Every structure is written in C-alpha cells, then in structure tokens.
Amino acid sequence: MRFELDISPLDLDLTLGCGQTFRWSCLADGSWAGVLGNQFVKIKRKGSTIEGDATPGGSDVESLVANFLRAKDDISRIQLELGKDPIIALGMRKMRGLRIVKLDEWECLISYILATYANIPRIMKMVDSVASEYGRKIAPGVHAFPERRLLAKASVGELAKLGLGYRAKYVHLACREIDEPALAEMMKTPYERLRTELIELPGVGEKVADCVSLFGFGRLESFPIDVWIQRALLRLYGVKGSYPKLRHFAIQKFGCFAGYAQEYLFHNERTMASKGACAFSNQ
DNA sequence: GCCCAGGAGTGTG
DNA sequence: CACACTCATGGG
C-alpha cells in the first residue's frame with residue numbers, strides 16, 4: 001500500500017533520529033521504518049513530499065502517518081512564538097524540520113518508564129526486546145508494541161531477563177494500574193491534572209510524566225527536563241536548581257510551545273558534544 | 001575498566 | 001523544599 005504526503009517543513013533524520021521515539025530505524029537507502037498501530041510503515045523523502053508504503057496496508061495509513069508526524073503543527077507560528085526569546089530564536093531556524101511526534105499513549109508510557117537512567121541506544125534495545133517478546137507479529141521480523149493485555153502476562157522475572165533491570169517491576173505494575181478507558185479519559189484531561197495522574201503511576205516521576213504528556217498525549221506546553229536539558233539551561237540561561245524550579249523557568253519563558261523549545265535545546269545539546277558547534281551561540 | 005545514561009523511590013535535614 | 005542514597009545494567 002503506497003502513499004504520498006505533503007508535510008513541510010519536515011526533516012525525517014532529525015525528527016526520527018533525535019531520541020523522541022525508540023522504534024524507528026534508518027535503512028541503508030535513507031528511508032525510515034517503524035510501526036504505527038498494526039502497520040509496518042516505511043517513509044522516505046522524495047522532493048518536496050514524503051512517500052511511503054505500509055504492510056499489511058489499509059485505507060487509513062496516510063492519516064496514521066500524518067497524525068504521527070503532527071502534520072497540522074504550524075511550525076512557522078510555533079517558531080514565531082518561541083522567537084520572542086532571543087536565545088531560542090538564534091538557533092531554532094536551523095532545526096525547522098525537527099517536529100515533535102505523536103506516539104501511542106500506551107507505548108509512550110511504557111517506553112519512557114523504560115527510559116529512566118539509560119542511554120538512548122539501550123532504551124531502543126529494551127523497547128525492541130519487549131515488542132519482539134510480547135507484541136503481535138505484523139510482518140517478517142516485525143512486531144507491534146504489545147497492547148496492555150499482552151504485556152500484562154509478563155512476570156517481573158521474565159521482564160528482567162530482557163535486560164530491563166529494576167524497571168521490570170514498574171512495567172509489570174503499570175500494566176495493572178491503568179487500562180485503556182483510563183488512557184482515553186486522560187486524553188481529555190487538562191495538562192496539569194494529566195501530569196499529576198501520570199505521576200501517581202509506578203515508575204513515573206516528573207520527567208517521565210512530562211515526556212508522556214508531550215509525546216504520548218500531545219501536550220506541547222510540556223517541558224521534560226533531563227540531564228541534557230539541565231546542561232542546556234545552565235549553559236545558555238545560567239539557571240540551575242530543582243526540577244520544579246527549572247520547569248517554572250521554562251514554562252514562563254517558552255509558554256504554550258515549550259515542548260518544541262525543549263526538543264530544540266535537547267537536540268542541540270546532545271549533538272553539540274560531538275560536533276562542537278552550538279546553534280544558540282555565535283561563538 | 002571506567003563513566004554515564006531522556007530517573008524514580010525513599011528517607012532525612 | 002532541598003539533598004543523599006539506592007536501584008541494575010549496558011553502551012560508548
């Protein structure tokens with residue numbers, strides 16, 4: 001099932017390779033492959049559009065991809081808004097094609113529970129192991145992320161054997177403390193209350209709750225703070241301190257699109273170390 | 001071998 | 001509210 005989409009601006013390498021999502025991989029020909037719902041999807045840039053194909057294929061594949069890539073985000077408006085801050089304004093235009101993605105709420109919740117105190121390559125491996133072991137097979141060598149009912153069958157010991165470490169019990173408990181109706185209800189919940197409810201789940205603190213709010217529930221005002229963001233805030237703005245303090249600073253500074261600012265800062269800080277160049281600084 | 005990682009939970013000052 | 005400590009483990 002082939003399709004073509006017009007989403008602009010969009011840089012697939014930036015968007016899918018910057019560590020928001022853990023189940024997309026870049027193939028030898030430069031295309032990207034991942035799973036959306038029960039579809040194995042491949043997408044690639046072709047001129048000004050994005051072309052792709054999906055197996056087993058369905059009539060809704062285009063909308064699945066468009067929703068995943070947040071095609072309706074008005075990047076110009078977002079950057080105009082964020083550009084009120086001169087420091088962000090200086091570097092964000094170089095990252096115009098970096099979009100926030102919209103992940104499945106359940107997959108996002110479990111993925112970011114797994115993401116605590118691990119680096120991105122390892123997180124990808126853990127998520128992939130969980131999918132391979134418990135997810136439904138949808139193509140040769142490709143498994144969907146397991147729905148709650150399937151993942152709930154896994155014991156803590158079995159999950160630990162996949163290399164999840166202390167995260168195994170959190171995943172196991174999360175399968176029991178939340179269900180699909182609750183997730184659907186949370187989609188309608190205002191951000192601050194959603195955040196509070198997420199933090200009540202096992203293995204979910206402020207950082208994970210903010211990531212799940214942003215990538216899973218699409219709340220662009222959310223501003224997750226990890227060690228990279230801490231470094232960026234200290235280096236570029238001279239602020240440091242507790243999570244609540246830094247979060248207050250960011251929300252006040254970046255407003256309703258703080259999530260995009262966070263992603264620009266995150267990507268810059270993470271790549272700067274190897275490239276030695278900061279998009280937000282003239283030095 | 002060493003350092004670190006998209007932290008959370010728990011206990012203490 | 002702010003710290004300090006522990007938790008398991010693999011990637012660079």
Side-chain angles (χ1 to χ4, degrees), chain A residues 14-25 95 98-103 105 107-130 132 154-175 177-178 195-220 222-235 239-250 258-276:
Chain A
L14 271 180
T15 300
L16 300 178
C18 72
Q20 322 176 52
T21 176
F22 306 114
R23 293 206 72 211
W24 285 77
S25 49
M95 293 178 264
L98 172 54
R99 304 180 82 97
I100 301 284
V101 294
K102 167 65 181 77
L103 304 175
E105 303 91 281
E107 175 176 345
C108 184
L109 172 64
I110 299 301
S111 297
Y112 278 92
I113 287 176
L114 294 179
T116 67
Y117 208 51
N119 56 29
I120 290 173
R122 184 175 175 200
I123 300 163
M124 297 181 76
K125 191 175 177 184
M126 285 190 282
V127 178
D128 191 60
S129 297
V130 167
S132 298
S155 69
V156 175
E158 288 167 346
L159 292 170
K161 271 193 287 185
L162 297 180
L164 308 195
Y166 64 89
R167 306 162 190 84
K169 72 178 174 197
Y170 296 143
V171 171
H172 183 78
L173 287 171
C175 289
E177 293 197 14
I178 198 166
R195 184 175 192 272
T196 303
E197 291 178 9
L198 286 169
I199 290 175
E200 290 173 5
L201 293 169
V204 180
E206 294 193 82
K207 158 65 169 57
V208 172
D210 284 329
C211 284
V212 177
S213 296
L214 178 58
F215 304 123
F217 289 91
R219 308 307 164 87
L220 295 186
S222 181
F223 189 89
I225 302 164
D226 68 343
V227 292
W228 297 102
I229 293 296
Q230 282 179 37
R231 290 197 272 261
L233 291 178
L234 177 59
R235 212 168 48 75
V239 293
K240 56 182 170 182
S242 65
Y243 198 104
K245 181 184 171 183
L246 293 179
R247 177 169 177 261
H248 177 73
F249 171 84
Y260 265 93
Q262 191 271 2
E263 212 52 27
Y264 297 145
L265 292 171
F266 178 75
H267 178 256
N268 175 251
E269 197 67 24
R270 230 165 60 84
T271 55
M272 194 186 75
S274 54
K275 297 198 325 189

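A, B, ... follow the sequence lines: proteins, then strands. Residue 1 opens every chain. The model shown is predicted, which means the values in this text are computed figures rather than measured ones. Quick note: numbers below take in every heavy atom, side chains included, and nothing from hydrogens, waters or symmetry partners.
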Visitor: Using a 4.0 Å heavy-atom cut-off across all strands, classify A/F266 as base, sugar-phosphate, or nothing.
Guide: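 Base, at least one base atom sits under 4.0 Å.
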
Visitor: Taking any heavy-atom pair under 4.0 Å as a contact, classify A/Q230: base, sugar-phosphate, or nothing.
Guide: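 A/Q230: no heavy atom of the nucleic acid under 4.0 Å.
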
Visitor: For nucleotides B/dG1 and C/dG10, find the distance between their C1' atoms and express it as a whole number of Å.
Guide: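 The same atom, C1', in both gives a distance of 14 Å.
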
Visitor: Taking only residues two or more places apart in sequence or in another chain, which ones pass side chain to side chain contact (heavy atoms under 4.5 Å, CB included) with A/L14?
Guide: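 Expected list: A/D11, A/L98, A/H267.
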
Visitor: Using the ring-ring contact (aromatic ring centres under 6.0 Å, His included) criterion, which residues pair with A/Y112? Sequence neighbours excluded.
Guide: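 Only A/F22, A/F215 meet the ring-ring contact (aromatic ring centres under 6.0 Å, His included) criterion with A/Y112.
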
Visitor: Quick check on DNA chain B: between A/Q20 and A/I199, whose nearest nucleotide comes earlier from the 5' end?
Guide: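 Whichever sits nearer the 5' end wins; that is A/Q20.
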
Visitor: On a heavy-atom basis, which atom in A/Y260 and which in A/I100 lie closest, and how many Å separate them?
Guide: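 Where A/Y260 meets A/I100 most closely, the heavy atoms are OH-N, 3.2 Å.
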
Visitor: In residues 196-208 of chain A, what donor-acceptor pairs under 3.5 Å come from side-chain atoms, sequence neighbours left out?
Guide:
| residue | atom | partner | partner atom | Å |
| --- | --- | --- | --- | --- |
| A/T196 | OG1 | A/E192 | O | 3.0 |
| A/E197 | OE2 | A/R193 | NH1 | 2.8 |
| A/E206 | OE1 | A/R195 | NH2 | 3.0 |

Visitor: On DNA chain B, reading 5' to 3', which nucleotide is the first and which the last to sit with an atom under 4.0 Å from a heavy atom of chain A, could you check?
Guide: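 From 5' to 3', the first and last contacting nucleotides are B/dA5 to B/dG9.
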
Visitor: For A/I120, answer base if it contacts any base atom (sugar-phosphate contacts may also be present), sugar-phosphate if it contacts only those atoms, and nothing otherwise; contact means non-hydrogen atoms under 4.0 Å.
Guide: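 The answer is sugar-phosphate, as A/I120 gets under 4.0 Å only of primed atoms, P, OP1 or OP2.
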
Visitor: Summarise protein proximity over nucleotides 1-12 of chain C in one line of letters, 5' to 3': B for base, S for sugar-phosphate only, - for none, counting protein heavy atoms closer than 4.0 Å.
Guide: -S-----BBBSS

Visitor: Identify each donor-acceptor pair in which a side-chain atom of residues 122-130 of chain A lies under 3.5 Å from a protein atom, sequence neighbours left out, and give them as a table.
Guide:
| residue | atom | partner | partner atom | Å |
| --- | --- | --- | --- | --- |
| A/R122 | NH2 | A/G163 | O | 3.0 |
| A/S129 | OG | A/K125 | O | 2.9 |

Visitor: Please enumerate all residues that pass side chain to side chain contact (heavy atoms under 4.5 Å, CB included) together with A/A168, with sequence neighbours excluded.
Guide: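 Per chain and number, A/A168 pairs via side chain to side chain contact (heavy atoms under 4.5 Å, CB included) with A/V156, A/L159, A/A160, A/L164.
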
Visitor: Provide the distance between the two P atoms, one in C/dA8 and one in B/dG11, to the nearest whole Å.
Guide: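 Their P atoms lie roughly 15 Å apart.
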
Visitor: Taking only residues two or more places apart in sequence or in another chain, which ones pass side chain to side chain contact (heavy atoms under 4.5 Å, CB included) with A/R235?
Guide: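 Checked A/R235 against side chain to side chain contact (heavy atoms under 4.5 Å, CB included); matches are A/N268, A/E269, A/M272, A/C278.
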
Visitor: Holding to ring-ring contact (aromatic ring centres under 6.0 Å, His included), I want the full list of residues that pass it with A/F217, two or more places apart in sequence or in another chain.
Guide: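 If we apply the ring-ring contact (aromatic ring centres under 6.0 Å, His included) test to A/F217, skipping adjacent residues, there are no hits.
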
Visitor: Say you pick atom P in B/dG6 and the same atom in C/dT6; how far apart are they, in whole Å?
Guide: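 Roughly 23 Å separates the two P atoms.
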
